[in-house]
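Heavy-atom basis, side chains included; hydrogens, waters and symmetry copies ignored. Quantities reported herein were computed from a predicted structural model and do not represent experimental measurements.
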Amino acid sequence: MLTNSDLISLKGRRVLITGANGFIGGHLVDALDGLGALVTVIDMRPIDGKALVREYVGNLCDSDFTETCVKECAPEIIIHLAASKDRSADIGAFSHAVSTNLTGSINLFASAMKLKGLKSVVVLGTAEEYGNNPTPFVEDMRERPVSAYSYSKLCVTRLCETLNSLHGTPFVVLRPTVAYGPWQGPEMFLPALIKTLLEKKAFPMTPGIQTRDFVYVDDLINAILSASVSPQAAGQVINIGSGNPVAIADIAIKAARLLGREDLLRIGALDYRCGEAMEYYVNTSKARQLLDWTASFSLDEGLKRTVEHYQKGL
């Protein structure tokens with residue numbers, strides 16, 4: 001976990017975040033600002049209400065734009081979150097995901113590798129890269145991506161490993177499981193469930209026996225910050241998750257009970273998605289070893305905080 005010396009070491013550091021307008025990015029900007037870091041962001045859309053040194057609005061696939069941004073802000077730490085998240089298995093989606101996620105990453109990394117004071121590059125991958133492997137997922141498994149998104153993320157992971165091996169660039173790839181918490185968008189299961197129940201509407205879902213590994217957003221942010229200041233993490237792929245799988249039906253019932261709306265759950269009303277992984281959780285021993293990190297929020301506590309956030313918003 002982050003020590004006091006780690007916290008001090010982030011104060012005054014120049015940090016560049018890509019994809020800062022997303023759920024994880026917003027929490028990360030706030031955390032770094034609270035630690036006194038000098039935060040610059042690159043995103044496709046302007047960011048409101050955040051304390052920033054600089055903000056660049058544009059596309060990482062534009063190599064000239066990306067090089068100008070990186071050269072001007074001269075970050076010591078880069079945290080790369082930006083990505084297209086098309087989880088389709090359609091062949092056209094693969095072309096778009098690779099042209100967006102891989103090309104954007106290549107442009108960012110090419111510019112970063114010209115910096116003299118670069119300390120670390122933390123890249124957010126995904127546990128979805130493991131696909132339908134047996135659980136728990138471990139970092140040395142041969143990945144089996146099942147969507148355009150997970151395939152493109154695996155391409156970026158391999159790029160990081162190659163550049164670290166060839167040039168010593170201090171990349172570390174984190175593979176988080178299913179992050180959740182306040183401010184997450186309704187495209188994800190938990191906020192969709194909570195918002196629907198708060199509106200007193202029925203929530204149709206699958207039978208829900210598939211398991212997922214939920215990690216509270218504050219724990220994920222802590223892992224990202226730990227990786228950014230851990231020299232021993234360079235060149236590594238590291239799983240981030242609770243390590244405790246929970247059935248989707250069980251977490252739906254937990255959330256509904258907190259809201260007093262169990263009667264609105266329609267468990268079994270929908271079929272499973274084609275190719276859906278039925279088991280999904282990670283082994284986190286490498287995170288403990290290299291980052292001294294474990295998830296500190298229980299599912300009950302994280303879910304309680306999440307539900308309370310959305311209750312206040314309506």
### Message
For the OH atom on Tyr151, are there more than 12 heavy atoms of other groups (residues, nucleotides or ligands in this structure) within a distance under 6.0 Å?
### Response
no
#### Entry: Criterion side-chain contact (heavy atoms from CB on, under 4.5 Å) on Lys114 and Lys71, from CA distance to verdict
CA-CA 8 Å; Lys114 297 176 183 178; Lys71 184 177 180 179; over 6 Å; no
### Non-hydrogen atoms of Val146 and Ala89 that approach each other most closely
O-CB, 4.3 Å
### Query
Judged by atom type as modelled, is there a donor-acceptor pair below 3.5 Å linking the side chain of His27 to the main-chain atoms of Pro182?
yes
## Note on the structure
So OH of Tyr180 and OG1 of Thr306: to nearest 0.5 Å the spacing works out to 5.5 Å
### Task
Going by the salt bridge (charged side-chain N to carboxylate O under 4.0 Å, His left out) test, name the single residue among Arg87, Lys153, Lys85 that passes it with Glu128.
Arg87
### Message
Let me check something: do Ile24 and Leu60 share a hydrophobic cluster, defined by ILVMFWY side-chain heavy atoms less than 4.5 Å apart, either directly or through other members?
### Response
no
### Lys286 with Glu139: basic N within carboxylate O range, under 4.0 Å
no
#### Entry: Atom CG of Asp271: over 12 foreign heavy atoms under 6.0 Å
no
### Query
Hey, does Ile78 have a side-chain heavy atom less than 4.5 Å from the side chain of Leu118?
yes
### Message
Before you tell me yes or no, could you show the steps for Val237 and Asp140 under side-chain contact (heavy atoms from CB on, under 4.5 Å), namely the whole-Å CA-CA distance, both residues' side-chain angles and the distance that decides it to 0.1 Å?
### Response
CA-CA 9 Å; Val237 176; Asp140 60 359; over 6 Å; no
### Message
Could you tell me if the side chain of Tyr149 sits less than 4.5 Å from the side chain of Ser84, heavy atoms only?
### Response
no
### Message
Under 4.0 Å between a side-chain nitrogen and a carboxylate oxygen: does that hold for Lys304 and Glu308?
### Response
yes
#### Entry: Asn244 backbone acceptor or donor facing Ser242 side chain under 3.5 Å
yes
### Point-to-point distance, once rounded to the nearest 0.5 Å, from OG1 of Thr40 to CZ of Arg54
6.0 Å
### Task
Verify the neighbour count for atom CE of Met113: are there more than 12 heavy atoms of other residues, nucleotides or ligands below 6.0 Å?
yes
### Query
Quick one: does Ser95's side chain have a donor or acceptor within less than 3.5 Å of a partner on Ile91's backbone?
no
### Task
Using the rule that two of Ile, Leu, Val, Met, Phe, Trp, Tyr join whenever any of their side-chain heavy atoms come within less than 4.5 Å, decide whether Met205 and Leu264 are in one cluster.
yes
### Presence of salt bridge, Arg158 and Glu161, under 4.0 angstrom
yes
### Spatial distance of atom CG (Leu265) from atom CG (Leu197) [nearest 0.5 Å]
5.5 Å
### Task
Decide yes or no for Ile77 and Ser120: does some side-chain heavy atom of the first lie under 4.5 Å from some side-chain heavy atom of the second?
yes
### Message
Any non-hydrogen side-chain atom of Trp293 less than 4.5 Å from a side-chain atom of Ile240?
### Response
yes
### Message
Distance alone, cut at 3.5 Å: any donor-acceptor contact between the side chains of Thr157 and Glu129?
### Response
yes
### Query
Hey, what's the ring geometry for Phe297 with Tyr216, parallel, tilted or perpendicular (30° and 60° as the breaks)?
tilted
### Task
Would you check if there is a donor-acceptor pair between the side chains of Ser147 and Ser150 at a distance under 3.5 Å?
yes
### Query
Can you list the steps and then say if Ile194 with Leu198 is a side-chain contact (heavy atoms from CB on, under 4.5 Å)?
CA-CA 6 Å; Ile194 294 167; Leu198 282 171; 3.8 Å; yes
### Main-chain N/O of Asp62 paired to Asn59 side chain as donor or acceptor, under 3.5 Å
no
### Message
Using the ring centroid of each side chain, check whether Phe189 and Phe203 are separated by less than 6.0 Å.
### Response
yes
### Task
Could you check if a side-chain atom of Arg45 sits within less than 4.5 angstrom of a side-chain atom of Val57, using non-hydrogen atoms only?
no
### Task
Following the transitive rule for hydrophobic clusters with a side-chain heavy-atom cut-off under 4.5 Å over Ile, Leu, Val, Met, Phe, Trp and Tyr, establish whether Val123 and Leu291 coincide in one cluster.
no
### Query
Cut-off 3.5 Å, side chains only: do Asn239 and Thr284 have a donor facing an acceptor?
no
### Query
Tyr130 vs Phe137 aromatic rings, parallel, tilted or perpendicular, using cut-offs 30° and 60°?
parallel
### Message
Between Arg305 and Glu301, does any NZ, NE, NH1 or NH2 come within less than 4.0 Å of an OD or OE carboxylate oxygen?
### Response
yes
### Message
Under a 3.5 Å cutoff, is there a donor and acceptor pairing between the side chains of Ser285 and Asn283?
### Response
yes
### Query
Is the backbone N or O of Asp43 less than 3.5 Å from a side-chain atom of Asn21, with the two atoms forming a donor-acceptor pair by type?
no
#### Entry: Sidechain-backbone polar pair: Arg261 side chain, Leu258 backbone, donor-acceptor under 3.5 Å
no
### Task
Report whether Leu81 and Ile221 are members of the same hydrophobic cluster (ILVMFWY, side-chain heavy atoms less than 4.5 Å apart, transitive linking).
yes
### Task
Begin with the C-alpha distance, continue with both residues' side-chain angles, and end with the deciding distance and a verdict on side-chain hydrogen bond (donor to acceptor under 3.5 Å, both in side chains) for Ser296 and Asp219.
CA-CA 7 Å; Ser296 59; Asp219 280 329; 2.8 Å; yes
#### Entry: Gap separating the NZ atom of Lys11 from the CG atom of Leu35, nearest 0.5 angstrom
10.5 Å
#### Entry: Expected output: side-chain Ser99 to main-chain His96 donor-acceptor under 3.5 Å
yes
### Message
I'd like to check Phe171 versus Leu159 (side-chain heavy atoms, cut-off strictly below 4.5 Å). Are they in contact?
### Response
no
### Asp213 side chain to Gly243 backbone, donor-acceptor under 3.5 Å
yes
### Message
Within the 3.5 Å criterion, strictly below it, is a donor on Ser152 or Asn101 matched to an acceptor on the partner's side chain?
### Response
yes
### Message
Checking Gln210 against Glu276: is there a side-chain donor and acceptor pair closer than 3.5 Å?
### Response
yes
### Message
My understanding is that only one of Val215, Val138, Ile238, Thr177 makes a side chain to side chain contact (heavy atoms under 4.5 Å, CB included) with Val282; could you say which?
### Response
Thr177
### Task
Verify side-chain contact (heavy atoms from CB on, under 4.5 Å) between Leu299 and Lys254, making sure each step is shown before the conclusion.
CA-CA 10 Å; Leu299 179 60; Lys254 283 178 179 286; 4.3 Å; yes
### Query
Linking I/L/V/M/F/W/Y whenever their side-chain heavy atoms sit closer than 4.5 Å, directly or via other members, would Ile106 and Leu124 fall into one cluster?
no
### Query
Roughly how far, to the nearest 0.5 Å, is the CG atom of Leu225 from the OG atom of Ser9?
9.5 Å
### Message
I'd like to know if Lys50 and Asp33 make a salt bridge, using a cut-off of under 4.0 Å between side-chain N and carboxylate O.
### Response
no
### Task
In plain terms, say whether Glu76 and Arg14 are close enough for a salt bridge, that is, a side-chain N and a carboxylate O under 4.0 Å apart.
yes
### Message
Minimum heavy-atom separation for Ala295 and Gly241, please, with both atom names.
### Response
CB-O, 4.2 Å
#### Entry: Side chain proximity check, Val178 to Tyr280, heavy atoms < 4.5 angstrom
yes
### Query
How long is the span from the CD1 atom in Ile251 to the CZ atom in Arg212, to the nearest 0.5 Å?
11.5 Å
### Query
Heavy atoms, side chains only, cut-off 4.5 Å: are Pro75 and Leu115 in contact?
yes
